Protein chains: 2
Amino acid sequence: MPMQRNIRPMWWHGRFRGCGYRITAPREAILDVLSKSDDHLSAEEIYIKVHTYYPAVGLTTIYRTLDILANMGLIFKFDFGDSRARYELSEGPKGKKHHHHLICTNCNRIIDYADFIDEEIKLLEQTEKGLLKKYNFKSTNHLIQFYGLCEKCQ
Amino acid sequence: MPMQRNIRPMWWHGRFRGCGYRITAPREAILDVLSKSDDHLSAEEIYIKVHTYYPAVGLTTIYRTLDILANMGLIFKFDFGDSRARYELSEGPKGKKHHHHLICTNCNRIIDYADFIDEEIKLLEQTEKGLLKKYNFKSTNHLIQFYGLCEKCQ
DNA sequence: CTCTTATTGATAATGATTTCCATTCTTAAT
DNA sequence: ATTAAGAATGGAAATCATTATCAATAAGAG
């Protein structure tokens with residue numbers, strides 16, 4: 001009972017193969033779920049969504065795949081302080097525009113914002129250069145988050 | 001067998017009492033450990049250090065106290081991606097100067113840096129104002145981290 | 001000094017993530 | 001298309017940081 005598979009090569013297939021990974025139905029399903037969601041999904045949430053279409057896929061595979069995807073840089077892994085990792089597609093053909101997060105410490109809601117991003121990015125790049133010079137630290141990524149109270153919780 | 005206690009009121013006693021908390025030996029020991037360490041200690045590391053002087057203190061108390069301290073704003077709780085929370089004294093009489101963190105994704109080393117902080121802070125404050133106006137999000141705190149490779153791991 | 005109740009520590013429970021391992025599937029080579 | 005090698009999978013068990021429980025203890029107001 002082979003799973004239904006999308007024959008047409010997806011945008012990420014090349015990169016995936018290039019890293020020596022095989023294209024499998026669970027992996028396609030996971031990336032499909034991620035690319036169709038605007039939320040910051042947890043492993044279990046992804047599992048449930050994938051499970052709807054492919055009940056055979058196990059939670060273990062979800063974790064394994066997410067780990068690979070994060071290491072490849074196809075997705076970002078976030079910690080918003082609710083003791084479960086959350087994932088979202090990074091920039092790319094299907095990725096949302098680069099953004100940062102506001103985290104409500106009361107209701108745990110996450111708000112994406114991309115305003116002021118340009119100035120932030122500019123400053124961050126400057127900082128990264130400075131860090132490289134002073135600490136010889138080669139930054140590949142950064143994280144900015146604001147914690148506080150959302151509109152409803154104030 | 002009462003534990004030895006520091007009679008002289010510490011800098012945080014007032015604030016602690018003000019919040020309705022009692023001053024206890026375990027709490028003093030934990031704050032003492034934090035104020036004498038430059039590292040980003042995990043709950044277990046704190047437990048071990050405290051345990052050296054007060055073997056009677058249990059890990060549960062460590063967690064409970066750290067939670068209170070973090071809620072009061074006396075300490076910061078960080079996640080550096082190694083699946084255990086880490087804590088450090090926030091600014092204050094005994095706190096280090098405000099700084100941000102570089103995280104080596106290879107060896108997990110944490111480097112504190114305070115360079116460029118001024119410009120970063122300025123931008124962050126501007127951003128916070130903008131976020132309040134646009135999203136009515138009242139930010140109380142922010143987080144900036146850089147991920148990459150430290151000198152040794154490149 | 002006493003009384004109220006916050007605090008404590010040992011133990012058990014929780015819950016997210018990993019490890020194990022026999023089975024199944026992808027894919028390069030035939 | 002067929003096959004063989006080993007990558008990938010899923011279910012169960014294991015980890016491991018953090019929490020909940022609860023009877024015993026200690027802080028501190030009066």
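Computation of the quantities below employed the complete heavy-atom set of this structure, encompassing side-chain atoms and omitting hydrogens, waters and symmetry-equivalent molecules. Just so we're on the same page: letters track the sequence lines, and every chain starts at 1. As the structure is a prediction and not an experimental result, all values here were calculated from the model.
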Calculate the interatomic distance between [X] atom [atom1] and [N] atom [atom2]; express it in whole Å.
X: Leu59(B); N: dA20(D); atom1: CG; atom2: C1'; answer: 14 Å
X: Ile23(A); N: dT9(D); atom1: CD1; atom2: C1'; answer: 16 Å
X: Tyr54(B); N: dT8(C); atom1: OH; atom2: C1'; answer: 15 Å
X: Leu66(B); N: dT7(C); atom1: CG; atom2: C1'; answer: 15 Å
X: Ile46(B); N: dG9(C); atom1: CD1; atom2: P; answer: 15 Å
X: Tyr87(B); N: dA17(D); atom1: OH; atom2: P; answer: 12 Å
X: Glu44(B); N: dG9(C); atom1: CD; atom2: C1'; answer: 16 Å
X: Ile68(A); N: dT18(C); atom1: CD1; atom2: P; answer: 12 Å

_Classify Ser83(B) by what it touches in the nucleic acid, base, sugar-phosphate, or nothing, heavy-atom distance under 4.0 Å._
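Here Ser83(B) touches the backbone only, sparing every base.
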
*Pick base, sugar-phosphate or nothing for Arg17(B), based on heavy-atom distances below 4.0 Å to the nucleic acid.*
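Result for Arg17(B) = sugar-phosphate.
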
*Under 4.0 Å: is that the gap between some side-chain N or O of Tyr63(A) and OP1 or OP2 of dT18(C)?*
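Answer no for this pair, as no side-chain N or O of Tyr63(A) is under 4.0 Å from OP1 or OP2.
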
*Short side-chain N/O contact from Arg64(B) to OP1 or OP2 of dA20(D), under 4.0 Å*: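 Answer no for this pair, as no side-chain N or O of Arg64(B) is under 4.0 Å from OP1 or OP2.
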
_Qualifying salt bridge (Lys or Arg N to Asp or Glu O under 4.0 Å) pairs, either residue in residues 132-154 of chain A, two or more places apart_ =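 Qualifying pairs, neighbours excluded: Lys134(A)-Asp115(B).
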
*Mind listing the closest non-hydrogen atom pair of Leu34(B) and Tyr87(B) along with its distance?*
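For Leu34(B) and Tyr87(B), the tightest heavy-atom pair comes out as CD2-O, 4.1 Å.
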
*Do Phe80(A) and His40(A) have their ring centres less than 6.0 Å from each other?*
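For Phe80(A) and His40(A), the ring centres are under 6.0 Å apart.
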
*Residue among His100(B), His99(B), His101(B) satisfying ring-ring contact (aromatic ring centres under 6.0 Å, His included) with Phe78(B)*: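 Output: one option passes, namely His101(B).
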
Produce the list of close N/O pairs, under 3.5 Å, pairing protein atoms with atoms of nucleotides 12-15 of chain D; give distances to one decimal.
from    : atom 1 : to       : atom 2 : distance (Å)
dA12(D) : N6     : Thr60(A) : OG1    : 3.3

Per [X] side chain, nearest of listed nucleotides [options]:
X: Arg27(A); options: dT8(C), dA16(C), dT9(D); answer: dT9(D)
X: Arg84(A); options: dG6(D), dA16(C), dG9(C); answer: dA16(C)
X: Ala43(A); options: dT17(C), dT8(C), dA8(D); answer: dT17(C)
X: Thr24(A); options: dT9(D), dG9(C), dT27(C); answer: dT9(D)
X: Arg22(B); options: dA27(D), dA8(D), dT8(C); answer: dA27(D)

*Is it true that Glu45(A) and Arg86(A) make a salt bridge, defined as a side-chain N closer than 4.0 Å to a carboxylate O?*
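The answer is yes: the pair qualifies as a salt bridge.
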
*Charged N to carboxylate O below 4.0 Å: is that the case for Asp32(B) and Lys36(B)?*
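Yes, Asp32(B) and Lys36(B) are salt-bridged.
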
*asked:* Both Asp67(B) and Thr65(A) contact DNA chain D. Which one's nearest nucleotide lies toward the 5' end?
replied: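 Between the two, 5'-proximity favours Thr65(A).
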
*Short side-chain donor-acceptor distance under 3.5 Å, Glu28(A) and His13(A)*: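 Short answer, yes.
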
*Counting distance only, does the side-chain N/O of Thr105(A) pair as donor-acceptor with the main-chain N or O of Gly148(A) below 3.5 Å?*
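Side chain of Thr105(A) to backbone of Gly148(A): a pair is present.
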
